[in-house]
Amino acid sequence: MKLDANGATEMHIGEDLSSPNIKLVVSINRKLYLNEKTADVHFLFETDGISDIERIPANKVILSTGSKVFETMFYGSMAEGDEVKISDVSSSAFREFLQFFYLDEISLSVNNIADVMNLVRKYGIERCMVQCSDFLKDVMTNEDVCSAYELAVQFDLDDLKHFCKRKISANAEAVLKSNDFLNCKGSLFQLIVRMDSLMCEEICVFDACIAWAKRSCEMNGMDPSESKNLRAKLGESVLYSIHFNRMQLEHFASRNAKCVGLFTGLEMSEILQLIACKEYKPDSFTASPVCYATFFWDEKRIFECCLDRLGTVHSRNNRKKEMVTLTTVSENRTK
């Protein structure tokens, strides 16, 4: 509580969630969520057919208070009526979206998160993007981090983009072999394979590029066994960004034998010189060092120490002990 300019007191939500006033407001909003009795507007969704309509109840004043877009929709010069048709998202995603206006604890799902983020942007409640971003950070795995990264790029969420890049870099080999990566869009594919922080052997990056190009060819009705098709999908910008100077000759030779014609004669000459001479300065391909600018916990390298109050090591047989967990952290490295 604090005094405003006129001497009246005002409550700032979030400062004291134990306050009876806050508890009352939260309780009221919870009861209004999807409540048919108190609703004055319904959002309509077609289900299995045109004749099957699902109705989701809501309150104009609550939505309008939280969103300028809703305020214009319900109280503007061309106000909507008591029924609003929604056709661009599912009803389940819209229910999750409405939680932001009514509930203090939000429950989101992986299947709907993209639609919910679209609704957050569409109805101008950008502050709720933080909760969507935090949700993705909590649930993403190596199998779906590419999809999360795509959402981060789509909605220009810098913090989520940074988080995804760190996760991809730290788990590069697993991510590059995931179906999520193989099916990602070309623009996202380029962002990932051109990272200078992928913590894996460069041959894994090359294999991932070929696997993605083959999948892309298959999806577009092109012959994936034709090297010219693979090159068309990858493009010079991707091929030239691969660090061939980090490969072993036998590894590259075995891959190149399976896609003869992927490189021109001049490109082959550059690649072989890059592999043979680490000091060689190529005209086309990158020779820049790889920078592991990532920070992550390595849980496989955890040590337990038992310390007494004076800081000396305690016997494990002594019941009075304090546990301190230490773990290594990778620093920025150039290789």
Side-chain angles (χ1 to χ4, degrees), residues 89-90 92-93 96 107-121 129-222 224 229-230 232-235 237-239 241-243 255 259 290 292-300 330:
V89 296
S90 67
S92 61
E96 290 186 17
S107 177
L108 301 172
S109 66
V110 174
N111 291 339
N112 289 328
I113 188 61
D115 282 341
V116 170
M117 293 173 77
N118 273 313
L119 289 167
V120 166
R121 177 62 53 84
M129 277 295 190
V130 175
Q131 289 166 283
C132 295
S133 179
D134 289 344
F135 169 77
L136 284 170
K137 290 178 185 178
D138 288 340
V139 302
M140 77 173 67
T141 67
N142 293 338
E143 294 298 319
D144 55 23
V145 63
C146 295
S147 293
Y149 189 27
E150 183 174 10
L151 289 174
V153 172
Q154 177 184 342
F155 294 103
D156 196 23
L157 305 175
D158 289 337
D159 184 61
L160 184 59
K161 282 191 286 188
H162 184 59
F163 184 93
C164 291
K165 288 171 68 174
R166 285 166 51 184
K167 187 172 182 66
I168 291 170
S169 296
N171 304 278
E173 186 170 353
V175 171
L176 294 177
K177 291 180 179 178
S178 69
N179 285 325
D180 200 37
F181 170 79
L182 289 177
N183 292 304
C184 70
K185 296 178 181 178
S187 56
L188 185 69
F189 162 76
Q190 291 194 33
L191 285 178
I192 293 174
V193 299
R194 296 177 70 179
M195 289 181 185
D196 281 335
S197 56
L198 296 174
M199 301 185 71
C200 65
E201 297 295 330
E202 198 66 19
I203 200 64
C204 291
V205 178
F206 182 80
D207 288 345
C209 288
I210 298 300
W212 180 90
K214 287 183 176 180
R215 178 68 65 87
S216 184
C217 284
E218 292 170 354
M219 294 175 64
N220 289 276
M222 301 169 65
N229 291 338
L230 300 181
K233 286 297 179 182
L234 293 173
S237 61
V238 169
L239 290 175
S241 68
I242 298 175
H243 293 80
R255 268 69 171 186
C259 48
V290 176
Y292 294 154
T294 185
F295 177 94
F296 69 101
W297 297 106
D298 185 355
E299 295 184 1
K300 295 180 180 179
S330 68

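Just the heavy atoms: all of them, side chains too, but no hydrogens, waters or symmetry mates, feed the values below.
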Excluding sequence neighbours, so at least two apart, what forms side-chain hydrogen bond (donor to acceptor under 3.5 Å, both in side chains) with D207?
R255
Under the ring-ring contact (aromatic ring centres under 6.0 Å, His included) rule, collect the residues that match up with F163, sequence neighbours excluded.
none
Which heavy-atom pair separates N118 from F155 by the least distance, and what is that distance?
OD1-CZ, 3.4 Å
For T141, enumerate each residue passing the side-chain hydrogen bond (donor to acceptor under 3.5 Å, both in side chains) test, keeping only those at least two apart in sequence or located in another chain.
D144
Does E202 have any salt bridge (charged side-chain N to carboxylate O under 4.0 Å, His left out) partners at least two apart in sequence or in another chain, and if so, which?
R246
Here the pair of heavy atoms bringing L160 nearest to S133 is CB-OG, 3.5 Å
Partners passing salt bridge (charged side-chain N to carboxylate O under 4.0 Å, His left out) against R194 (at least two apart in sequence or in another chain):
none
The side chain to side chain contact (heavy atoms under 4.5 Å, CB included) partners of S216 (sequence neighbours excluded) come to W212, N220, K233
Between L136 and A148 the two heavy atoms that sit nearest each other are CD2-CB, 4.4 Å
Could you go through the side-chain contact (heavy atoms from CB on, under 4.5 Å) check for V110 and M140 one step at a time?
CA-CA 9 Å; V110 174; M140 77 173 67; over 6 Å; no
For C200 and V205, the nearest pair of non-hydrogen atoms, with its separation, is SG-CG2, 3.9 Å
Does any pair with a residue in residues 129-138 pass salt bridge (charged side-chain N to carboxylate O under 4.0 Å, His left out), and if so which ones, sequence neighbours excluded?
K137-D159
Could you state the interatomic distance from NZ (K165) to OG (S197), rounded to the nearest 0.5 Å?
7.0 Å
Sequence-distant partners of S90, side-chain hydrogen bond (donor to acceptor under 3.5 Å, both in side chains), two or more places apart
S92
Would you mind telling me which of V193, I242, L239, N229 makes a side-chain contact (heavy atoms from CB on, under 4.5 Å) with L234?
L239
What heavy-atom pair brings L157 and M117 nearest, and what distance separates the two atoms?
CD1-CE, 3.6 Å
Could you tell me which non-hydrogen atom of C132 sits nearest to which non-hydrogen atom of V120, and how far apart they are?
SG-CG2, 4.4 Å
Any side-chain heavy-atom pair of E96 and I113 under 4.5 Å
no
Which residues satisfy the salt bridge (charged side-chain N to carboxylate O under 4.0 Å, His left out) test with D115, sequence neighbours excluded?
none
Anything under 3.5 Å between a donor and an acceptor, one on a side chain of residues 176-192, the other on a protein residue two or more places apart or in another chain? List them.
from	atom 1	to	atom 2	distance (Å)
K177	NZ	E173	OE2	3.3
S178	OG	V175	O	2.7
S178	OG	F181	N	3.2
D180	OD1	S147	OG	2.6
D180	OD2	C146	N	3.1
D180	OD2	S147	N	2.8
D180	OD2	S147	OG	3.2
N183	OD1	R215	NH1	2.9
N183	ND2	N179	O	2.9
K185	NZ	E150	OE2	3.4

